[in-house]
Number of protein chains: 2
Amino acid sequence: MSEKRWGVGELAAATGLTVRTLHHYDEIGLVSPSERTHAGHRRYTEADIRRLYRVRALRSIGLSLYTIAATLAEGDREALRSVLVDQLAHLDAQARRMNDLRAQVQHLLERMNTVADPGEVLTILETMQMIESYYTPEQLEYLAKRREELGEDAIKEVEQAWPQLISAMKEHQAAGTPVDDPDVQALTARWFELVEAFTGGDSGVHESLGKVWEEQGDKLNQQFDTGLSPELMAYVGRANEVRTQAGG
Amino acid sequence: MSEKRWGVGELAAATGLTVRTLHHYDEIGLVSPSERTHAGHRRYTEADIRRLYRVRALRSIGLSLYTIAATLAEGDREALRSVLVDQLAHLDAQARRMNDLRAQVQHLLERMNTVADPGEVLTILETMQMIESYYTPEQLEYLAKRREELGEDAIKEVEQAWPQLISAMKEHQAAGTPVDDPDVQALTARWFELVEAFTGGDSGVHESLGKVWEEQGDKLNQQFDTGLSPELMAYVGRANEVRTQAGG
DNA sequence: ACTTGCACCTGACGCGACGTGAGGTCTTAG
DNA sequence: CTAAGACCTCACGTCGCGTCAGGTGCAAGT
C-alpha cells in the first residue's frame with residue numbers, strides 16, 4: 001500500500017529537481033531519505049517527499065535553505081508567519097532597489113543621447129561616483145540614521161520637492177530677480193530648510209559638497225543640463241546672506 | 001604637481017571601499033595600481049583612480065565585475081549602451097520577479113488567517129508545490145512560451161477574469177440553475193475559452209490537473225474556501241457536456 | 001639596539017545553492 | 001561475461017568580497 005519508496009532519480013524526475021539538489025538537501029540535513037538500500041542508495045518515503053514539497057514551497061517564495069530548515073524545525077504557526085512577514089519586507093526592499101537601479105540606468109541612457117564624446121560618457125560615470133564618495137563613512141552613517149528617523153515618505157517628499165524648487169529658483173535667476181525679492185527669499189528659506197531637514201544640519205556634509213563643487217562644478221554643469229549651475233549656486237548663496245542677515 | 005600617488009589604505013578611506021576590495025580588483029586585473037614601491041606596496045596614480053571610479057559607477061548600477069571589465073576593455077560608446085540596455089531589461093525582469101514573489105507571500109499570509117490548524121498551513125504549502133510539479137518540464141516550457149506569445153497583459157487579464165467567473169458560476173450552482181441555462185452556458189464557454197487560451201489546448205495539462213484534482217480535490221476544498229469545490233467542478237463538467245453536444 | 005605600532009603584503013578559507021565532472025559500486029539484461 | 005544504467009562519494013568551481021593568519025618594511029619611542 002503505502003510501502004512504495006522512491007529512488008533519487010525517480011524523485012528528481014517527478015519533482016523537476018536535479019539529483020544533485022536532492023543530494024545537497026541530504027548533505028545539509030534538510031531533506032534526508034528515511035532509508036537506504038544495502039547498496040547505500042537513497043530510498044525516500046512519502047513523509048520525506050511531503051517534507052520535500054514543503055521545502056520547495058518555501059524556496060519558491062525566496063527563503064534560504066537555512067531559514068527553511070529553521071522554520072520547519074520550529075514547526076509552529078507563528079514561526080512561519082514571522083518569516084513570511086520578514087520575507088515580505090525583504091522582497092519589498094529588493095523590489096524598490098531594483099526600481100531605483102532601473103531608474104538610474106534609464107537616466108544614464110537618456111544622458112548618453114545628449115553627449116557627443118564617448119569619453120565624456122565615462123566621465124559622467126566618474127563624476128557620479130565622486131560625488132557619492134565625497135561623503136565620509138561617518139557622514140553616510142549619519143544620513144542613513146536621518147533617513148530612518150524621518151521615514152521613507154518624508155524622504156521621498158523631499159526628493160520630489162527638489163526639482164521644482166530648483167527650476168523655480170532658476171527662473172528667478174534667469175529673469176534677474178533681485179535676491180531680496182520676497183518670492184526668492186521664500187524659496188531660499190525652503191531651500192535651506194530642505195537641506196537641513198535632510199542633513200540634520202551637519203555642516204561637514206555641506207563642506208564636502210562645497211569642495212566637490214569647486215572642483216567639479218563646471219564639468220557637472222556642462223553635462224547635467226537640468227541640474228545646478230555655479231551661477232545658480234552663487235545666486236542662492238547671495239539670497240541666503242540676505243536671509244540670514246534679515247532673520248538674525 | 002600630478003606626482004601624487006595613493007596607498008591602498010588611503011584610497012580605501014577616500015572612496016569608502018575596503019582594502020580587500022581594492023586587492024580583489026587588483027587580483028582579477030580590473031583595477032591595478034600602475035606602480036609599486038620597492039617594498040611591494042601598491043601606489044595608485046590618478047589614472048588608476050579614474051578607472052576605479054568608472055568601475056564603481058558601473059557596479060552601482062548592478063553590473064558584474066566581469067561585465068565591467070569587458071565594457072571598459074571595449075571602451076566605445078555602443079558597447080556601453082548595449083550593456084546598459086541589457087541591464088535595463090535584466091532589472092525589469094528582476095523587479096517583476098520580486099513583485100510576483102511579494103504577491104505570493106502576501107497571499108499566503110492572508111490564507112494563514114483563515115486556517116486553524118498549524119499543520120494545515122504546511123499542507124497548503126505542499127499542495128501548492130504539488131500542483132506545480134504535476135506539470136512536466138515540457139509542459140512548463142510550453143506554458144512559458146504561451147506566456148510570451150500572449151504577452152503579460154493578456155495573462156493578467158485572464159488571471160483577473162478567473163475569480164469573477166468562478167464566483168458567478170458558484171452562484172448559479174448554489175441556486176440550482178440548470179446546466180443548459182443560457183447564462184450558465186455562456187459562462188461555461190468563457191470558462192473553457194480561458195482554459196484553452198491559457199494552456200493552448202494542451203490536453204496533457206488538463207490531464208495533470210485532473211489527476212491532481214482526484215487526489216487532492218477534497219483537501220483543497222477544505223482549505224481554499226474561495227476556490228473550486230468538487231461540486232462546482234462537476235457542475236461545470238455537466239454544463240460542458242451540454243455545451244459540446246449542442247455545439248458539435 | 002630593541003621594541004612597539006602601523007600600514008602593508010600574500011595566501012587561503014568561508015559563504016549559498018547548487019552544477020559539473022571524476023572515478024568507483026551495484027544491479028539487471030543480453 | 002559483459003555492457004548499460006542508476007546510483008554512490010568526493011571535490012572543485014561559481015561571485016564578490018569578509019575575515020583571519022602569518023610575515024615584512026619603516027618610523028618613533030625607550
Side-chain angles (χ1 to χ4, degrees), chain A residues 4-44 48 52 54-72 83 87 90 94 97 101 129 137, chain B residues 4-44 48 52 54-72 83 87 90 94 97 101 129 137:
Chain A
K4 159 118 201 199
R5 302 297 134 98
W6 308 63
V8 265
E10 204 176 0
L11 185 52
T15 58
L17 303 176
T18 68
V19 171
R20 178 65 178 105
T21 298
L22 294 172
H23 280 180
H24 185 58
Y25 290 175
D26 188 9
E27 277 175 31
I28 65 174
L30 183 56
V31 181
S32 295
S34 302
E35 300 176 7
R36 294 266 189 153
T37 69
H38 81 294
H41 292 193
R42 292 168 177 80
R43 304 186 68 219
Y44 291 87
D48 300 333
L52 178 61
R54 293 175 185 201
V55 167
R56 291 312 294 181
L58 292 174
R59 266 251 66 183
S60 79
I61 58 173
L63 295 179
S64 72
L65 298 186
Y66 178 84
T67 306
I68 292 170
T71 307
L72 291 181
V83 296
Q87 182 68 356
H90 182 72
Q94 289 289 91
R97 258 176 44 89
L101 287 186
Q129 277 311 106
Chain B
K4 160 116 199 201
R5 300 297 134 101
W6 307 63
V8 264
E10 203 176 1
L11 185 52
T15 58
L17 303 175
T18 68
V19 171
R20 178 64 179 105
T21 298
L22 294 173
H23 280 180
H24 185 58
Y25 290 175
D26 189 8
E27 276 175 31
I28 65 175
L30 183 56
V31 181
S32 295
S34 303
E35 299 176 7
R36 295 266 189 151
T37 68
H38 81 292
H41 293 193
R42 292 169 178 79
R43 292 173 40 104
Y44 291 86
D48 301 332
L52 178 62
R54 294 175 184 199
V55 167
R56 291 312 294 181
L58 291 174
R59 268 251 68 182
S60 77
I61 59 174
L63 295 179
S64 71
L65 297 184
Y66 178 84
T67 305
I68 293 171
T71 306
L72 291 181
V83 297
Q87 182 68 356
H90 181 72
Q94 289 287 93
R97 258 175 45 88
L101 287 185
Q129 276 311 105

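The sequence lines fix the lettering, A, B, ..., with proteins before strands; numbering per chain opens at 1.
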Between C:dA7 atom C1' and B:Leu11 atom CG, what is the distance in whole Å?
14 Å
Just how far is it from atom CG of A:Leu11 to atom CG of A:Leu52, taken to the nearest 0.5 Å?
5.5 Å
C:dG14, OP1 or OP2 - any side-chain N/O from B:Arg20 closer than 4.0 Å?
no
Per the under-4.0 Å heavy-atom filter, residues of residues 21-43 of chain A near DNA chain D come out as A:His23, A:Arg36, A:Gly40, A:His41, A:Arg42
In terms of heavy-atom contacts, does CZ of B:Arg97 have more than 12 from other residues, nucleotides or ligands at under 6.0 Å?
no
Quick one: CZ on B:Arg36 to CZ on B:Arg42, what's the gap to the nearest 0.5 Å?
4.0 Å
Separation of A:Glu10 atom CD from D:dC7 atom P, in whole Å?
8 Å
Would you classify B:Val8 as touching base, sugar-phosphate or nothing, given that sugar-phosphate means primed atoms plus P, OP1 and OP2, and contacts are heavy atoms under 4.0 Å?
sugar-phosphate
Considering only heavy atoms from C-beta outward, does the side chain of B:Val83 approach that of B:Gln87 to under 4.5 Å?
no
Quick one: B:Leu63 CG to D:dC17 P, roughly how many Å, whole number?
13 Å
Ignoring backbone atoms, establish whether B:Thr18 has a side-chain N or O less than 4.0 Å from OP1 or OP2 of D:dG18.
yes
Salt-bridge present (B:Arg5, B:Glu10; N to O < 4.0 Å)
no
Between P of C:dA17 and CZ of A:Arg56, the distance in whole Å:
11 Å
Side-chain touch A:Tyr25/A:Leu65, heavy atoms, less than 4.5 angstrom:
yes
Roughly, in whole Å, what's the span from CG in A:Leu58 to C1' in C:dG16?
17 Å
